[in-house]
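Heads up, the thing below is written out as structure tokens.
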There are 2 protein chains.
Amino acid sequence: MSQDLDAIDRRILNELVADARLPVAELARRVGLSKTPVAARIKQMEESGLIKGYRAMISPMKLGLSHVTYIELRLSDTRESALKAFNAAVRAIPEVEECYMIAGGFDYLVKIRARDMADYRRIMAEELSTLPHVHSSSSYVAMEAVVEASAPPLE
Amino acid sequence: MSQDLDAIDRRILNELVADARLPVAELARRVGLSKTPVAARIKQMEESGLIKGYRAMISPMKLGLSHVTYIELRLSDTRESALKAFNAAVRAIPEVEECYMIAGGFDYLVKIRARDMADYRRIMAEELSTLPHVHSSSSYVAMEAVVEASAPPLE
DNA sequence: CCTGAAAAATTATTCGC
DNA sequence: GCGAATAATTTTTCAGG
């Protein structure tokens, strides 16, 4: 499933994670190869799914989306069908930035990004509280973003 | 600080978040304008910092980085200088994908991405346990990624 | 503030070595 | 994998509404 990368691929990946719009020629210069092999390597990484795509990064703060809350959810029904229903429902909520199922008790950890506290309360009331099989929840409001999600470490 | 976007800017942003490499001409076609104003709008959003950049999205799983853990940290010293020292130290750990300071008790929530459990234990021992002023911690291991972080909702 | 088209620049692809 | 030539795409510019 996971593939091994040589040092060159890793450097190409690092560059593209930092700047998705680097031309192949510039990339080639930086890794010390000519364009042909660099283009081929990129294509291969795209086709293998290692590079999933290229996207613009936007500033949530500049959009007024600075209110981050983590919610711990406990379900009343932990059978496979209930989990599936919950997963599908939570994926349909656009304000859910992340959601992981946590080991040890069939809990979920959900990250919500909202405009402000009022917006968060609306999301909680209209979206999260309607999720299937939720038994109880605890909210953790972020006061400060020390490290914001960007990209996984390439090592 | 946060700026208002008209409907066109929002659509441009949505398209670029989905695909950072869309040519201006194609974007113009999709939003129903000519290239000139679309290029100008993109430039303005870049300069205002709303668009922070463009990056390749990679599959952590394909890289073998599928082990996600959330760690709740409590500090023994919550004076401003201690918090600053902690923040700086945590930012220097590459495996830290996210870190938020949580309201109500000066706790931190840290998200770690690792190769496997052994890798996580190494990170915990070598990196997290050396963070300044940490008093205690609890780990929450993710069993399943229901929603992976991608981009904040544009609404 | 937008249109449309021409011009200029950049970038990707191809191919013999 | 190299390097040059070719081909294609893309951005920038500008007169006009």
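Every chain is numbered from 1 and lettered A, B, ... according to where its sequence line falls, protein lines coming before strand lines.
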Worksheet item: Under 3.5 Å, is there a donor-acceptor pair between the side chain of A:Arg55 and the main chain of B:Met57?
Response: no
Worksheet item: Hey, is CZ on A:Arg121 packed in by over 12 heavy atoms from elsewhere, all under 6.0 Å?
Response: no
Worksheet item: Under 3.5 Å, side chain of A:Arg21 to main-chain N/O of B:Ala20, donor-acceptor pair present?
Response: yes
Worksheet entry | Gap between atoms NZ and C1', on B:Lys43 and D:dT12 respectively (whole Å) | 9 Å
Worksheet item: Any side-chain heavy-atom pair from B:Met124 and B:Thr69 closer than 4.5 angstrom?
Response: no
Worksheet entry | Selection: residues 20-42 of chain B, any non-hydrogen atom under 4.0 Å of DNA chain D | B:Pro23, B:Val24, B:Lys35, B:Thr36
Item to complete: Verify the distance criterion only: is there a donor paired with an acceptor across the side chains of B:Tyr70 and A:Glu98 at less than 3.5 Å?
Response: yes
